[in-house]
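Everything on this sheet refers to the single structure shown next.
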Amino acid sequence: MLPVSDRSTAAIRILEQMLADLRMQDTIFQPTNFWAQASAPIIAELQSSGFDEFRRLGRTRDFFVPTYGPPGGGFAEDDFEHLKAVIVQLAPAGSKKYQSLLHMLSGEIWALADYRVLQAANASLLPDGMDLSRFSESDVGAPQEQFHFEGRAFSRSALNYLNGLSFLKQQLGSEVSGIRNVLEIGGGFGTLGEILLQAGEFSYINVDIPPTAAVSSYYLAQQSGIQFTDYAQTRALQSIAVPDAPQQMVLCPWQLPAVQGKIDLFVNFISFQEMEPHVVANYLQHVDRLGARFVLLRNLREGKQVKSAQHQYGVEKPILGSDYDGLLPAYDLLATNVYPFGYKTVDGFHSELRLYRRRA
């Protein structure tokens, strides 16, 4: 295996190749406002700092490495340190009161709540070819926030996906055993691929824009026992077959039309809400073309914040939860869920799971 520094150098080269290719693509495959605004500082940070500790860089944690504590919990790092100093004034360091307050402030209490949902849900679910009981997250990318429960490691990203998959298993029962290949659009830093690698015999395709496509390639390529195909191996292909299990690959959006075969499960967690409706519609047309049997989405029911002078990281037109019914005309909505597998934000937004089945 390559030294870590060599992996980072190789990842930067792949990122730069992806970015060069992106500039030549149709606008339908270009990032819309949210990611057009977010990408530039993320790219600059990765190019200057490398990939080896990407999970503790400021911009990645702002946009695609979610956390329970700062910044994902609503506090910046400076706020967090200031509040810790206040806690010391209220309770001696190491005391029960201090530990309790820090437990809440750090986000561990929220992570534990999500872990308890995972455990409670899967206690009554058979593995059925998708065994979530063994998962423990790697430390690739040097995570700044990672919680350990009963000897296993979890991030917010991992628990988001694990609870979404628990919802899927609850709704489908034994049908889950028929899912052997998974397509995801907008896979963040690669968490779903890591989960599937540990959960059974699955193939996985992650389609994403750079820079996140380069980051997930870096992350997945280092998972133990993985059979991984990177962008350099598929870049020139005119036809890309859906891989057999247990192979995994990361593609860029302009490669999606070249993908051929049948998909059992399509997943999108959160990133569709950051796109414009016509871009989402184009992606879902390919999902339909590939005959995905099931579609699992996580989306803000009320839609993402609209772009304004005060909010540059917004969308022109939000995708609402109900909009997917029209965007998936060949599918029936099986179930939605906010509690316990999604969540309601403190300001009243519903992070909702939606599960669709393709009509026969």
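Everything numeric in this text was worked out from a predicted model, so none of it was measured.
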| field | Between Thr229 and Gln247, a side-chain donor and acceptor under 3.5 Å | value | no
| said: Rounded to the nearest 0.5 Å, what separates atom CZ in Arg56 from atom CD in Gln144? | reply: 5.0 Å
| query | Do the side-chain N and O atoms of Glu184 and Tyr204 include a donor-acceptor pair separated by under 3.5 angstrom? | reply | yes
| task | Only one of Leu183, Asn181, Ile205 passes side-chain contact (heavy atoms from CB on, under 4.5 Å) with Leu290; say which it is. | result | Leu183
| Is atom CG of Asp244 surrounded by more than 12 heavy atoms (other residues, nucleotides or ligands) closer than 6.0 Å? | no
| message | Run Tyr68 and Leu159 through side chain to side chain contact (heavy atoms under 4.5 Å, CB included) and show every step you take. | response | CA-CA 11 Å; Tyr68 291 103; Leu159 286 166; 3.4 Å; yes
| task | May I ask you to decide if the ring planes of Phe34 and Phe63 are parallel, tilted or perpendicular, using 30° and 60° as cut-offs? | result | perpendicular
| Distance (rounded to the nearest 0.5 Å) between Leu196 CG and Leu132 CG | 9.0 Å
| Does a donor on one side chain and an acceptor on the other come within less than 3.5 Å for Arg55 and Thr60? | no
| query | Between the side chains of Asn33 and Tyr313, is a donor N or O closer than 3.5 angstrom to an acceptor N or O? | reply | no
| request: Looking only at non-hydrogen atoms, find the nearest pair between Asp62 and Pro71 and report the distance. | output: OD1-CG, 3.5 Å
| field | Side chain Ser203, main chain Pro243, donor-acceptor under 3.5 Å | value | yes
| query | Could you go step by step and tell me if Phe51 and Thr9 meet the side chain to side chain contact (heavy atoms under 4.5 Å, CB included) rule? | reply | CA-CA 8 Å; Phe51 285 63; Thr9 300; over 6 Å; no
| task | I would like to know whether Gln260 and Val242 meet side chain to side chain contact (heavy atoms under 4.5 Å, CB included); could you show each step before the answer? | result | CA-CA 6 Å; Gln260 303 297 322; Val242 172; over 6 Å; no
| How about Phe154 and Phe147: are their ring centres within less than 6.0 Å of each other? | no
| Do side-chain atoms of Asp79 reach the backbone of Ala76 as a donor and acceptor pair under 3.5 angstrom? | yes
| task | Hey, could you give me the OG/CG distance between Ser100 and Leu105, rounded to the nearest 0.5 Å? | result | 11.5 Å
| Any idea how Trp110 and Tyr343 line up, ring-wise: parallel (<30°), tilted (30 to 60°), or perpendicular (>60°)? | perpendicular
| Are Phe349 and Phe341 co-members of a hydrophobic cluster defined by side-chain heavy atoms under 4.5 Å apart? | no
| request: Please examine the side chains of Lys344 and Ser351, heavy atoms only from C-beta on, and report whether any two atoms are closer than 4.5 Å. | output: no
| query | Thr212 side chain to Ile209 main-chain N or O, any donor-acceptor pair under 3.5 Å? | reply | yes
| task | Working to the nearest 0.5 Å, report the span between CG of Asn282 and CG of Asp26. | result | 8.5 Å
| said: Which heavy atom of Ser224 sits nearest to which heavy atom of Leu197, and what is that distance? | reply: O-CD2, 3.6 Å
| Side chains of Val267 and Leu192: does their closest heavy-atom pair fall under 4.5 Å? | yes
| query | Any Lys/Arg nitrogen of Glu316 or Lys307 sitting under 4.0 Å from an Asp/Glu carboxylate oxygen of the other? | reply | yes
| Would you say the side chains of Arg354 and Tyr356 form a donor-acceptor pair under 3.5 Å? | yes
| query | Counting N and O atoms only, with roles assigned by atom type, does the side chain of Asn299 sit under 3.5 Å from a partner on the main chain of Ile270, one being a donor and the other an acceptor? | reply | no
| request: For Gln255 and Thr234, indicate whether the former's side chain and the latter's backbone hold a donor-acceptor pair under 3.5 Å. | output: yes
| If you group Ile, Leu, Val, Met, Phe, Trp and Tyr by side-chain heavy-atom gaps below 4.5 Å, do Leu300 and Phe272 land in one group? | no
| query | If only atom types and distance count, is the side chain of Thr67 paired as donor or acceptor with the main-chain N or O of Gly72 below 3.5 Å? | reply | yes
| field | Flag, side chain of Asn163 to backbone of Asp114, donor-acceptor distance under 3.5 Å | value | yes
| Is it the case that Arg359 places NZ or CZ above or below the six-membered ring of Tyr331, under 6.0 angstrom from the centre and within 45 degrees of the axis? | no
| message | Hydrogens and angles aside, do Ser133 and Asn122 bring a side-chain donor and acceptor to less than 3.5 Å of each other? | response | no
| said: Using every non-hydrogen atom in the two residues, find where Ala281 and Leu327 come nearest and quote the distance to one decimal. | reply: CB-CD2, 3.8 Å
| Would Val306 and Val280 show up in the same hydrophobic cluster when neighbours are defined by side-chain heavy atoms closer than 4.5 Å? | no
| query | Should we say atom CZ of Arg116 is surrounded by more than 12 heavy atoms from elsewhere, each under 6.0 Å from it? | reply | no
| query | Going by atom types alone, do Gln25 and Asp21 pair a side-chain donor with an acceptor below 3.5 Å? | reply | no
| query | Is it true that Asp52 and Arg7 have a side-chain N and a carboxylate O under 4.0 angstrom from each other? | reply | no
| query | Do Phe64 and Phe189 have their ring centres less than 6.0 Å from each other? | reply | no
| side-chain contact (heavy atoms from CB on, under 4.5 Å) partner of Val215, the single match among Leu15, Leu46, Ile14 | Leu46
| Are Val279 and Phe266 co-members of a hydrophobic cluster defined by side-chain heavy atoms under 4.5 Å apart? | yes
| Are Ile240 and Tyr231 connected in the hydrophobic side-chain network, where two residues link if heavy atoms are under 4.5 Å apart? | yes
| task | Output yes when a side-chain donor or acceptor of Gln233 lies under 3.5 Å from a complementary backbone atom of Asp230, and no otherwise. | result | yes
| query | Going by an N to O cut-off under 4.0 Å, is there a salt bridge joining Arg358 and Asp288? | reply | yes
| remark: Separation between OG1 (Thr191) and OH (Tyr161), nearest 0.5 Å, reads 6.0 Å
| Stepwise side chain to side chain contact (heavy atoms under 4.5 Å, CB included) check, Val295 with Val287 | CA-CA 9 Å; Val295 172; Val287 171; 4.2 Å; yes
| message | My understanding is that only residues two or more places apart in sequence, or in another chain, count here; which of them pass ring pair (Phe, Tyr, Trp, His ring centres under 6.0 Å) with Phe294? | response | none
| Heavy-atom neighbours of His82 NE2 exceed 12 at 6.0 Å | no
| Quick one: does Ser216's side chain have a donor or acceptor within less than 3.5 Å of a partner on Ala213's backbone? | yes
| said: Testing the basics here: between Glu77 and Pro70, what is the closest heavy-atom pair and its distance to 0.1 Å? | reply: OE2-O, 3.9 Å
| message | Below 30° counts as parallel, above 60° as perpendicular, anything between as tilted: where do the rings of Tyr219 and Phe54 land? | response | perpendicular
| field | Donor on one side chain, acceptor on other, Gln146 and Glu137, under 3.5 Å | value | yes
| query | Of the non-hydrogen atoms in Leu22 and Pro210, which two are nearest, and what is the gap between them? | reply | CD2-CG, 4.0 Å
| query | Any ion pair linking Glu45 and Arg61 (charged N to carboxylate O, less than 4.0 Å)? | reply | no
| query | What's the shortest heavy-atom distance between Ala153 and Phe135, and which atoms? | reply | O-CE2, 4.2 Å
| message | Treating Arg180 as the side-chain partner and Glu201 as the backbone partner, does any N or O pair qualify as donor plus acceptor under 3.5 Å? | response | yes
| query | Would you call Arg293-Asp264 a salt bridge at under 4.0 Å N-O? | reply | yes
| note | Interatomic distance, CD@Gln171 vs CZ@Arg357, rounded to 0.5 Å, equals 10.0 Å
